[in-house]
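No hydrogens, no waters, no symmetry mates; every other heavy atom, side chains included, goes into these values.
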Amino acid sequence: MNKSLKVFQFLYFFGWFFVLLGNTSFAYIDPSAVTYVIQAVAGVAIAIGAACTVYRHKIMKFIRNQKKKRARKKNQSKED
């Protein structure tokens with residue numbers, strides 16, 4: 001069996017499992033609980049964005065340094 005068929009069978013089984021054996025619950029979600037979830041999601045998004053920015057700056061600095069090194073080597077070879 002290929003992998004995609006196994007994944008489909010897994011999802012099919014557990015999908016029906018939860019549909020047939022699920023219970024209906026009448027629960028109240030407190031608005032303050034939702035704000036905690038929103039804060040957590042926002043915090044994760046901001047942390048990921050900050051990490052991407054830091055690494056983007058490091059990569060751009062590395063590229064600029066490589067270009068400068070190539071330009072110096074090119075100028076040195078022209079002077080010789």
Side-chain angles (χ1 to χ4, degrees):
M1 264 193 221
N2 61 12
K3 191 174 183 177
S4 61
L5 184 59
K6 286 183 180 182
V7 170
F8 176 74
Q9 286 177 342
F10 176 80
L11 293 174
Y12 182 79
F13 171 75
F14 279 103
W16 280 110
F17 177 79
F18 287 117
V19 168
L20 295 175
L21 298 177
N23 292 338
T24 304
S25 68
F26 299 101
Y28 173 73
I29 298 176
D30 188 38
S32 64
V34 175
T35 58
Y36 290 134
V37 172
I38 291 171
Q39 287 176 355
V41 170
V44 168
I46 290 169
I48 290 171
C52 289
T53 302
V54 167
Y55 285 111
R56 185 186 74 208
H57 286 289
K58 286 183 178 186
I59 290 169
M60 294 305 290
K61 185 177 178 181
F62 176 76
I63 291 171
R64 271 188 254 120
N65 288 339
Q66 292 298 319
K67 285 182 180 180
K68 286 179 185 178
K69 286 180 183 178
R70 286 185 194 142
R72 279 191 226 132
K73 282 185 180 180
K74 201 178 227 184
N75 287 338
Q76 286 177 355
S77 65
K78 284 183 181 180
E79 290 175 0
D80 293 336

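- By the rule that hydrophobic residues join a cluster once side-chain heavy atoms approach within less than 4.5 Å of another member, L11 and V19 end up as members of separate clusters.
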Next on the checklist: Run the side-chain contact (heavy atoms from CB on, under 4.5 Å) test on Q66 and F62 for me, step by step, so that the C-alpha distance in whole Å, both residues' side-chain angles and the decisive distance to 0.1 Å come before the verdict.
Outcome noted: CA-CA 6 Å; Q66 292 298 319; F62 176 76; 3.5 Å; yes

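- One hydrophobic cluster, built from ILVMFWY side chains closer than 4.5 Å, holds both F14 and V7.
- Linking Ile, Leu, Val, Met, Phe, Trp and Tyr residues whenever their side-chain heavy atoms come within less than 4.5 Å leaves V37 and V44 in two separate clusters.
- Residues passing the side-chain contact (heavy atoms from CB on, under 4.5 Å) test with K73, sequence neighbours excluded: none.
- Criterion: ILVMFWY side-chain heavy atoms under 4.5 Å apart, direct or through other members. Under it, L20 and Y12 are part of a common hydrophobic cluster.
- For the pair K61 and H57, the minimum side-chain heavy-atom distance is 4.5 Å or more.
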Next on the checklist: Quick one, N75 with R72, criterion side-chain contact (heavy atoms from CB on, under 4.5 Å). Give me CA distance, side-chain angles, the key distance, then yes/no.
Outcome noted: CA-CA 5 Å; N75 287 338; R72 279 191 226 132; 5.8 Å; no

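- Following chains of ILVMFWY side-chain contacts shorter than 4.5 Å, one can reach L21 starting from F13, so the two form part of one hydrophobic cluster.
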